[in-house]
Each structure stands twice: as structure tokens, then as C-alpha cells.
Asks: 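Take this structure first; my questions come after.
All heavy atoms count here, side chains included; hydrogens, waters and symmetry mates do not. The sequence lines fix the lettering, A, B, ..., with proteins before strands; numbering per chain opens at 1.
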2 protein chains.
Amino acid sequence: MVRSYEHPEAKDVSLPRVLFALSDPVRLEMVRILARREAVNSLDLGPDMPKSTVTHHTRILREAGVTRTRSQGRNCWISLRREVLDTKFPGLLDAVLAAEADR
Amino acid sequence: MVRSYEHPEAKDVSLPRVLFALSDPVRLEMVRILARREAVNSLDLGPDMPKSTVTHHTRILREAGVTRTRSQGRNCWISLRREVLDTKFPGLLDAVLAAEADR
DNA sequence: GAAACTGTTCGATAATTGCCGAACACTTAT
DNA sequence: ATAAGTGTTCGGCAATTATCGAACAGTTTC
């Protein structure tokens, strides 16, 4: 059996929620990591923090519609939902990623 | 005497804080209003809410570096700090404003 | 089947946030 | 001077959020 995750449909992805998901330094860094790779193992997004904290942040990103999570075996792979973000909020993700990482 | 407001310098304007300021529906609507006018009277940004609530939200926007507030007489005028935002986070404000208002 | 591995869920706690009434400060008009 | 107008500050309260340990669930390996 495979874990199932809830993802909002594209039509339910709201700007305030996406902005909130991106407004935390930890999650912003996660998104930067995701932007450089196709898919990342959940716990690799926060190697130096407790697992439950990683789960917390990845869930907020997922439920906001920023990321997609699919489980495979005992891993779960996380990726950016670029199609959704770029369609609904053109330029937003690019602008966020283009900003200097330390700010 | 004139009220003085603290504004962060451009170098201290951080992306997470700006995103957080924009992540609230009330403040997002304020920013949309500001984008259409040069400067707006504080309380006109939230005609239907208590004054202290308006002050609360406008302060978060100001302290994040999103807006500038200057007092004149008994009014205070609020405007977007486009120069700062467009310089530090090119495309961000445009992307936010371009998104449909109801999302 | 037992152990190891990956990640979630639960519960608790501290900190932050949103909301708003009441009192206050400053300015302008009468 | 008095009153009215504009906005801030303060205090309290409810709700949300961030963090993390402990227990748990599913998967793979041995």
C-alpha cells in the first residue's frame, strides 16, 4: 500500500496561501532546493532538522499547492507544481527564485 | 508636530517578510488599491473595518518595506515602495498584482 | 519474522498573529 | 478654547503557527 496525499486542484490554489507558504525562510529554502532538482526526497529538504518539522513544512507547501508529493516505496518524492504556479501566477515563482537567497 | 514612521532601509527589506505581508487577503487588497492610486489615505484602505485593525495591517505592510507612510496634517498618506520592491525583487509585485483579485 | 529505514501523526508548548474596543495624541475647524 | 476629524497605542483575547519528541505505519532488507 502506498501513502496518499491530498493536493488542491489548480482552481483551488489561492494566492494568499501560496504567498504564506513561501513566506517562511525554511520553506523558501526548500523551494530553492526543489527548483534546482526534478524531485527531492522529503527529508533531504531539511537534513538538519527533526523529521516532524520537515513534515510540517512540506505539508504546508503541498496544501498550498506549491508542491506535489508522491510516495514510492518507503520514500516520498517532492517536486514543484510549476505548471500550476506558472499558469495561475505567471512570473511569481521566477521572481521569488530570482531574489537573492539570503533575503 | 508630525508623526514619524519607521521604514526599513532597502537593504533590510527581506523577501520572507514581504511575502508574509502580502499573504493576508486584507493586506493584499490594500496593495491592489495602492497600485491603482498614487497615494491613499490610511483609513480609505479599509473603509469597513475598525481603525485599529487598519493600523495593524498598514503597519505590517510598512515594516515589511512594502509601503511608505507619511503624515500630513491629520491625514497619513500611504504609497507603494515600488522602487525598492522592483529593484530587490524584480517582477514580484507585478506578478502579485497580475494574479486574479479573487484568488 | 525481525530489524532497519522513511516518513506521518499526535500531543504539548511557546510564540506569533488577527481582531477590536477604549483611551490617547495631534491637527483642523468653529 | 472647544469640538470634530484622523490615526496610533494599549490591552486583552482567540486562533494560528513553529517546533519537536515520542509513538506509530508502511516498506525494504536480512
Asks: Expressed in angstrom and rounded to an integer, what is the separation of M30(A) atom CE from dG7(C) atom C1'?
Replies: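 So the two atoms are 13 Å apart, to the nearest Å.
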Asks: Any side-chain N or O of Y5(B) below 4.0 angstrom from OP1/OP2 of dG7(D)?
Replies: no
Asks: Rounded to whole angstrom units, what separation is found between the CG atom of D24(A) and the C1' atom of dT19(D)?
Replies: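 Checked: the CG to C1' distance equals 11 Å.
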Asks: Given dG7(C), dT28(C), dG7(D), which nucleotide is nearest the side-chain atoms of L43(B)?
Replies: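 Of all the options, the side chain of L43(B) is nearest to dG7(D).
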Asks: If you check the R59(A) side chain, which of dT17(D), dT9(C), dT17(C) turns out closest?
Replies: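 It is dT9(C).
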Asks: Look at the side-chain heavy atoms of Ile, Leu, Val, Met, Phe, Trp and Tyr, link any pair under 4.5 Å apart, and say whether L92(B) and L97(B) land in one connected group.
Replies: yes
Asks: Tell me whether W77(B) is reachable from L85(B) by hopping between hydrophobic residues (I, L, V, M, F, W, Y) whose side-chain heavy atoms are closer than 4.5 Å.
Replies: no
Asks: Using a heavy-atom cut-off of 4.0 Å across all strands, would you classify S52(A) as base, sugar-phosphate, or nothing?
Replies: base
Asks: To the nearest Å, give me how far apart CD (E63(B)) and C1' (dT17(C)) are.
Replies: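 So the two atoms are 13 Å apart, to the nearest Å.
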Asks: Decide, yes or no, whether a salt bridge links K88(B) with E83(B) under the criterion of side-chain N to carboxylate O below 4.0 Å.
Replies: no
Asks: Are any of N41(B)'s side-chain N or O atoms less than 4.0 Å away from OP1 or OP2 of dG5(D)?
Replies: no
Asks: Among dG7(C), dT19(D), dG7(D), which nucleotide has an atom closest to any side-chain atom of C76(B)?
Replies: dG7(D)
Asks: Could you tell me whether the phosphate oxygens of dC19(C), OP1 or OP2, come under 4.0 Å of any side-chain nitrogen or oxygen in H57(B)?
Replies: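 Yes.
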Asks: From dC20(D), dA4(D), dA18(D), pick the nucleotide closest to the side chain of R74(B)?
Replies: dA4(D)
Asks: Would you mind telling me which of dT8(D), dG18(C), dG7(C) lies closest to the side-chain atoms of I60(B)?
Replies: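 The listed nucleotide nearest to I60(B)'s side chain is dG18(C).
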Asks: In whole angstroms, how far is the C1' atom of dA4(D) from the CG atom of N75(B)?
Replies: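 Rounded to the whole Å, the gap is 13 Å.
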Asks: Would R59(A) and Y5(A) count as a cation-pi pair here, with the cationic atom under 6.0 angstrom from the ring centre and within 45° of the axis?
Replies: no
Asks: So what does H56(A) touch, heavy atoms closer than 4.0 Å: a base, only the sugar-phosphate, or nothing?
Replies: base
Asks: Which part of the nucleic acid does T55(B) contact within heavy-atom distance under 4.0 Å: base, sugar-phosphate only, or nothing?
Replies: base
Asks: When you get a sec, tell me which of dA4(D), dT6(C), dT17(C) is the closest nucleotide to the side chain of R3(A)?
Replies: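 Taking heavy atoms from C-beta onward, the closest nucleotide is dT6(C).
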Asks: If each of T53(A) and F20(A) is mapped to the nucleotide of DNA chain D with the nearest heavy atom, which maps nearer the 5' terminus, i.e. the 5' end?
Replies: F20(A)
